[in-house]
Amino acid sequence: MSEMEYTIGAVIKEPGSTRRNKTGRWRVFRPVLDEDKCVGCARCFMFCPDGCVRPAEDAFKIDYEYCKGCGICAKVCPVDAIEMVLEEEME
Amino acid sequence: MIEIRIHGRGGQGAVTAAEILAIAAKEDGKYSQAFPFFGVERRGAPVTAFARISDEFIRVRSQIYRPDHIIVLDPSLMSVVDVTEGLREDGLVVINAPEDNWNDVLERLSGYRVYAVDATEIALDELGVPIVNTAMVGAYLRASKVLSLDAVREAIRVRFSGEIAEKNVRAVERAYEEVERIE
Amino acid sequence: MTELGPDVRVINGNYAAAEAVRLVDVDVIAAYPITPQTPIVEYLSEFIANGELDAEFIHVESEHSAISAVVGASATGVRVFTATASQGLALMHEVLFIASGLRLPIVMAVANRALSAPINIWCDHSDTVAQRDTCWIQLYCESNQEILDTIIQAYRIAEHEDVLLPVMVCFDGFTLSHTLEPVAIPDEERVREFVGEFEPVHCRLDPEEPMTIGPVGGPDCYMEFKKMQHEAMERAREVIGEVNREFSDAFGRSYGDGLVEEYNTEDADYIVIAMGSVCGTVKHVIDEERPDVGLVRVKAYRPFPGDRIAEIIQDREGVVTIDRTHSYGAMPPLWTDVKAHAPDVEVSSTIAGLGGRDVRPEDVLRAIKVAEEGKGTDEPVWINVNV
Amino acid sequence: MSGRKPRLPIPKEELLAPGHRACAGCGSALCVRLCLKALGRNTIVVTSTGCIEVTTTPYPETAWEVPWIHVAFENAAAVASGVERALKALDREDVTVAVFSGDGGTVDIGFQALSGMAERGHNVVYICYDNEAYMNTGVQRSGATPPYAATTTTPAGKVWRGEMRPKKDMPRIMVDHGVPYVATACISHPQDLIKKVEKAKETDGPAYIHVLCPCPPGWGYDSSETVEIGELAVDTGMWVLYEVEDGEFRLTYRPRERKPVEEYLKRQKRFQHLTEEEIEEIQRMVDEQWEELERLERER
């Protein structure tokens, strides 16, 4: 907290700096994508409120640093390629 | 410092008359103030406007309670408001009244120096409308000798423009010629 | 003080304000008409309509939107202006804090007017004094010349990198706003040279360099930003003085030290402390009948020049404040501010001129008498009141 | 083994960074993320006080990749008016000015400023993210709360049956202002939404888009169901997707077969108290509204 820089008028000059806040800690269930099942329809990408599903060379990559585990991606997947797994079970 | 109060009815141009005097003062190298009585009255209601003229910068900001000079744009106001309220003895009153009213005017204004002119006739002749403020400024000039005719001509050209300014200058000049001390 | 010369025009206070805005060449104006400020927005509209001022005029639907729009425009990196009075200023209240919190150099003219109820369009200071804690610099004017000169200076003060705070230029409704008097109009080029080009210092909404303006500030940082605002306000004292001096060099007119103007104080037995146009009447009274009285005119109410005032009022026979507003259930604001800096000085308090009640020379004499009698030190004396 | 190469039906670029504090499954955050894709980098965003403002900008962090300003609750449209005119003064009219404001900041407290902005014709894309109550302060009713929805200020009890007033028809009010482009959208239909934002951006003058944004805690459903709930809203006719271009009405999506409203209502806690009769009444209202829209379609 003492490290904080106080700008004139509280202006924030670092766009996208919420990336410092790893909301992945919020997650109880983890979406796990089965790339073999993925048909590349991009519904998971479109509907993620946190922009955590990123298109990759093959299929999609889920950014677990920020994924809050809401489960929308699993729900909207037309081929059930995403499974929600309890975090503890992942350890 | 000369303090002037102008009585008129809404729409007759009392405030403009005060403004013309203030602008003219500057043309004569004098300081001035002009302000309306700050009311909520609308067209037709009796209104007052004020002006101060001085050789020095005017600091006082209160309204005028003991005027040196009074200008009355409409003689009918005399029966509605006390136009000489606060006017010192032998103070100057310049009033718009046709000659057949002068006796009546004198009766009401006894004890003051009274000048009268038929400004309504002048305004109708020169402007085509019964807005008497500029004619009354002309009459006041002659009666008070506070400002020069040239300064007022200039002020009118600042306040109005083109043909309207010239018509008003003629109204000023005519009233300046036609005003009379009545005793 | 105005010297009569070829540059002098006889104009009212509202016109003086509009003329200053034209001379400074602001970019965006958003304002809503309200008596007695309305002519300002009319004059500015006329300037723009005639091509005499190249500015965007936003015909907003309320004062709340007026101040909001100038906040948006200022944050986008242009010079802005708004004006209001009374109820309109009260409606802006919420956004005034935000404008200063965002540190935007907005300049606003206020034609002082009383607040309802009962509804009253005439002058007192209850509108602006009620905004004293919004972190706006407040400058009060005594003459139309001072309105014009102060608005020009306000841009320099507000935009100064040590300050970056909005400035409210206050002048009495009707008594100045609707009163014509001679005002020297400075040369346009010289005014533009004096204020300079506007360059945003700390923020600008620009896709080339994205910034977030107006974020959430929690308990871990809010207090720091507020202390920074206070420090900026403190630094503004220096800047106000400096701009006053520079203005004097450039245009030959100055107003005391920029924060306080003294009149006949040197050997005065009694001191009157007041703000706004009533100070002219006080000077008149001093000139005409009370050479033993001096005037301390508070030009800057925020930042408050308390130490300077405390210095001036030491060792006098009597000191009296004239407040044109009141803090109901307490002592009046100007008195309270003075006393906070001069606790050992006996200061009498008077209230005069609320809701346009004329403050006549005899009312000023009455206020002086209150000081002479040592009254009003723990309860304000109301001047020229019938209850 | 590997998956299919992704086909992206919407722009890839993310202009709302992760790490923001919106609820898991937030429909409004999704709305903003999608809209920004259409608005692009050359945009200045004004946001009113509300969920989005609070969750995206906890100092010293911001989720915004574009210039952004928040001033207060009720004045986003006025602030945007000022930004737009400043850009004009700076000769930078290529920059898009967009507003994100919740239903409270739009249909209630921000209504006057929006009306002024619309009437003055500012070139601003105004997007209302409608989650149908004051969610930022814990689910109090707004003028956009639908009939019978229970909120903390319209609780369902013996006397009150939840919200007792119809939902304020803000898009229609904007059409009546002569706003050249007005549309409704839902986060469940992202391509439709993005197309509309693109049209709004191209519109000369004000454009208004009213986006239904399901809210897991406020409406009472699981965070994974946000898109499904949105789809049900559209498929039951509880929310209709349309646009009005220069006064001309057009449905942009027509469900193949309208589902009974019950399917939508039963899924949300805020409607749990409804009786059969009340559900029937809502069905009647939706049917009537749908008929009216069909009539508008035919008139076109």
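All heavy atoms count here, side chains included; hydrogens, waters and symmetry mates do not. Chain A is the first sequence line, chain B the second, and so forth, proteins listed ahead of strands; every chain is numbered from 1.
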Heavy-atom distance under 4.5 Å to chain C: side chain of [X], backbone, both or neither?
X: R120(D); answer: side chain
X: E65(D); answer: backbone
X: V95(D); answer: side chain

Identified side-chain contact (heavy atoms from CB on, under 4.5 Å) counterpart of P215(C) within the set V54(D), T62(D), T56(D), T57(D):
T57(D)

With I69(D) as partner, the option from L205(C), T76(C), T212(C) fulfilling side-chain contact (heavy atoms from CB on, under 4.5 Å) is L205(C)

How far does [atom1] of [X] sit from [atom2] of [Y], to the nearest 0.5 angstrom?
X: S81(D); Y: E56(C); atom1: OG; atom2: CD; value: 12.0 Å
X: M117(D); Y: S65(C); atom1: CE; atom2: OG; value: 11.0 Å
X: W68(D); Y: M211(C); atom1: CH2; atom2: CE; value: 14.5 Å

Less than 4.5 Å to any heavy atom of chain D: does that hold for the side chain of [X], its backbone, both, or neither?
X: V78(C); result: side chain
X: A30(C); result: neither
X: F97(C); result: neither
X: V28(C); result: side chain

Mark yes when over 12 heavy atoms from residues, nucleotides or ligands other than [X] sit less than 6.0 Å from its [atom1]; otherwise mark no.
X: K168(D); atom1: NZ; result: yes
X: D94(D); atom1: CG; result: yes
X: E52(C); atom1: CD; result: yes
X: E161(C); atom1: CD; result: no
X: L8(D); atom1: CG; result: yes
X: K226(C); atom1: NZ; result: yes
X: D204(D); atom1: CG; result: no
X: R192(C); atom1: CZ; result: yes

Per-residue tally against chain D (heavy atom, under 4.5 Å) across H59(C), R79(C), R204(C), E209(C) peaks at H59(C)

Are Q112(D) and S62(C) close enough that a side-chain donor and a side-chain acceptor fall under 3.5 Å?
yes

Is it true that R92(D) and D206(C) have a side-chain N and a carboxylate O under 4.0 angstrom from each other?
yes

Do you know which of [options] has the most heavy-atom pairs with chain C at a distance under 4.5 angstrom?
options: E119(D), E84(D), H122(D), K88(D); answer: K88(D)
options: P67(D), A86(D), G82(D); answer: P67(D)
options: T47(D), V45(D), N42(D); answer: N42(D)

Do the ring centers of Y222(C) and Y59(D) come within less than 6.0 Å of each other?
no

Considering all heavy atoms, the nearest N75(D)-S68(C) contact
ND2-OG, 2.7 Å

Could you tell me which non-hydrogen atom of P210(C) sits nearest to which non-hydrogen atom of V66(D), and how far apart they are?
CB-C, 3.6 Å

Donor-acceptor pair, side chain of R85(D) and main chain of F57(C), under 3.5 angstrom
yes

